[in-house]
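On a predicted model such as this, the values are computed, not experimentally measured, just so you know. Both backbone and side-chain heavy atoms feed into the values below; hydrogens, waters and symmetry mates do not.
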Amino acid sequence: MKRALIASLALLVVATVADAGRSDDFEFAQGLMERKLYDLAKAEFEKIVNDSGRSGEEQAAGELGLALLLKAQAADARSDSKKKPEEVLEIFGAAEGRFDKFLGNYPSHSKRDLAKFEVGGLLHSKGLFLRDHIEKNPEKAAEYRSMAEEAFDAAIDLFKEAAEILEQKAEDDAKFEWP
């Protein structure tokens, strides 16, 4: 009886430690991403997404992590003079697609507002990249100008939406009455 109780307690401790480790996986992957260890970060985010033992909220956070990873890679590619503009735009497109997937699949996720703000930042960065390449690529100036305007307009819309959400939250907080 005593051994069974000790074994049960040991199992409970192991399960608790394992679960605590799992909750830190997202932060660990973000840390890898911040250190530009993109392949490792991608593998960690994909583990989160593909782990059927995780809640839908956690798996969705993994999807958001993959989108944030592509955004970081796009920012790096933007300043890489060795990359052709088409290559950089492809990375921006992949990041936009990943954010669209997250926003489409998880309409009530707790990080949805953050994701919209991040997309706005991504589109702003894309617009700046295109603006910088208008003069460098005169044969594509009209195309780049149009794409830049589109990116800036979409970014402005997302930032306005984020501002409205923040204003609404501030109003809701101001209306809250303490018991």
Side-chain angles (χ1 to χ4, degrees), residues 25-50 57-170:
D25 288 349
F26 186 83
E27 288 82 17
F28 176 66
Q30 278 187 307
L32 291 170
M33 181 176 66
E34 289 167 5
R35 288 165 182 78
K36 301 187 185 301
L37 300 170
Y38 295 139
D39 291 339
L40 295 173
K42 181 179 180 184
E44 288 301 315
F45 284 129
E46 286 175 342
K47 279 186 204 175
I48 294 169
V49 169
N50 297 323
E57 180 87 1
E58 289 174 318
Q59 289 177 317
E63 289 283 355
L64 178 58
L66 289 169
L68 293 169
L69 173 65
L70 285 167
K71 180 184 177 208
Q73 289 176 312
D76 284 352
R78 183 178 162 212
S79 60
D80 185 350
S81 61
K82 296 175 187 172
K83 289 200 180 290
K84 294 179 182 178
E86 293 78 20
E87 293 174 298
V88 177
L89 290 173
E90 190 174 308
I91 298 169
F92 274 107
E96 287 176 64
R98 187 60 88 156
F99 276 113
D100 287 346
K101 179 181 177 184
F102 173 81
L103 292 169
N105 290 344
Y106 306 103
S108 60
H109 193 272
S110 63
K111 295 185 179 186
R112 183 175 174 79
D113 295 339
L114 167 70
K116 285 184 178 183
F117 187 78
E118 292 289 344
V119 174
L122 174 74
L123 293 170
H124 180 258
S125 182
K126 178 182 177 181
L128 292 174
F129 173 77
L130 288 161
R131 180 206 63 194
D132 293 344
H133 280 75
I134 288 172
E135 288 183 23
K136 295 176 186 176
N137 299 291
E139 70 283 354
K140 293 193 175 198
E143 178 186 357
Y144 284 179
R145 183 173 289 108
S146 174
M147 290 171 65
E149 288 172 0
E150 204 175 289
F152 285 135
D153 289 343
I156 289 168
D157 290 343
L158 286 166
F159 289 142
K160 283 182 181 177
E161 187 177 332
E164 289 171 4
I165 290 168
L166 289 173
E167 287 174 8
Q168 184 61 48
K169 285 181 180 180

What are the two closest non-hydrogen atoms of [X] and [Y], and how far apart are they?
X      : Y      : value
Leu158 : Gly120 : CD1-N, 3.7 Å
Gly127 : Ala148 : O-CB, 3.8 Å
Leu122 : Ala95  : CD2-CB, 3.7 Å
Ala77  : Ile91  : CB-CD1, 3.7 Å
Leu70  : Ala94  : CD1-O, 3.6 Å
Phe129 : Pro85  : CZ-CA, 3.7 Å

Answer yes or no: are there more than 12 heavy-atom neighbours, outside [X] itself, under 6.0 Å from its atom [atom1]?
X      : atom1 : result
Glu90  : CD    : no
Asn50  : CG    : yes
Phe152 : CZ    : yes
Glu87  : CD    : yes

Spatial distance of atom [atom1] ([X]) from atom [atom2] ([Y]) [nearest 0.5 Å]:
X      : Y      : atom1 : atom2 : value
Ser108 : Glu57  : OG    : CD    : 8.0 Å
Ile134 : Glu143 : CD1   : CD    : 11.0 Å
Asn105 : Asp100 : CG    : CG    : 10.5 Å
Leu68  : Leu64  : CG    : CG    : 4.5 Å
Gln59  : Glu63  : CD    : CD    : 8.5 Å
Leu166 : Phe159 : CG    : CZ    : 12.0 Å

Could you walk me through whether Ile165 and Glu161 pass the side chain to side chain contact (heavy atoms under 4.5 Å, CB included) test, one step at a time?
CA-CA 6 Å; Ile165 290 168; Glu161 187 177 332; 4.3 Å; yes
Might you work through the salt bridge (Lys or Arg N to Asp or Glu O under 4.0 Å) test for Asp25 and Lys47, ending with a clear yes or no?
CA-CA 9 Å; Asp25 288 349; Lys47 279 186 204 175; over 6 Å; no
Any side-chain heavy-atom pair from Ile156 and Lys160 closer than 4.5 angstrom?
yes
Side chains of Leu89 and Leu130, heavy atoms from C-beta outward: is any pair under 4.5 Å?
yes
Criterion side chain to side chain contact (heavy atoms under 4.5 Å, CB included) on Lys169 and Asp113, from CA distance to verdict
CA-CA 12 Å; Lys169 285 181 180 180; Asp113 295 339; 3.3 Å; yes
Using 30° and 60° as the class limits, which term best fits the ring planes of Tyr106 and His109: parallel, tilted or perpendicular?
perpendicular
Below 30° counts as parallel, above 60° as perpendicular, anything between as tilted: where do the rings of Tyr144 and His133 land?
perpendicular
I'd like to know whether Glu96 forms a side chain to side chain contact (heavy atoms under 4.5 Å, CB included) with Val119, so could you lay out the CA-CA distance, the side-chain angles of the two residues, the decisive distance to 0.1 Å, and finally the verdict.
CA-CA 7 Å; Glu96 287 176 64; Val119 174; 5.7 Å; no
Phe26, Tyr38, Phe102 screened by ring-ring contact (aromatic ring centres under 6.0 Å, His included) with Phe45, the one that passes
Phe26
Which residue is it: Gln30, Glu46, Met33, Arg98? I am looking for the one with a side-chain contact (heavy atoms from CB on, under 4.5 Å) to Leu69.
Met33
Under a 3.5 Å distance rule, please check whether Arg78 uses its side chain to pair with a backbone N or O of Lys126 as donor and acceptor.
no
Return yes if some donor-acceptor pair links the side-chain N/O of Asn137 with the main-chain N/O of Glu139 below 3.5 Å, else return no.
no
List the steps, then state whether side chain to side chain contact (heavy atoms under 4.5 Å, CB included) holds for Lys42 with Gln73.
CA-CA 11 Å; Lys42 181 179 180 184; Gln73 289 176 312; over 6 Å; no
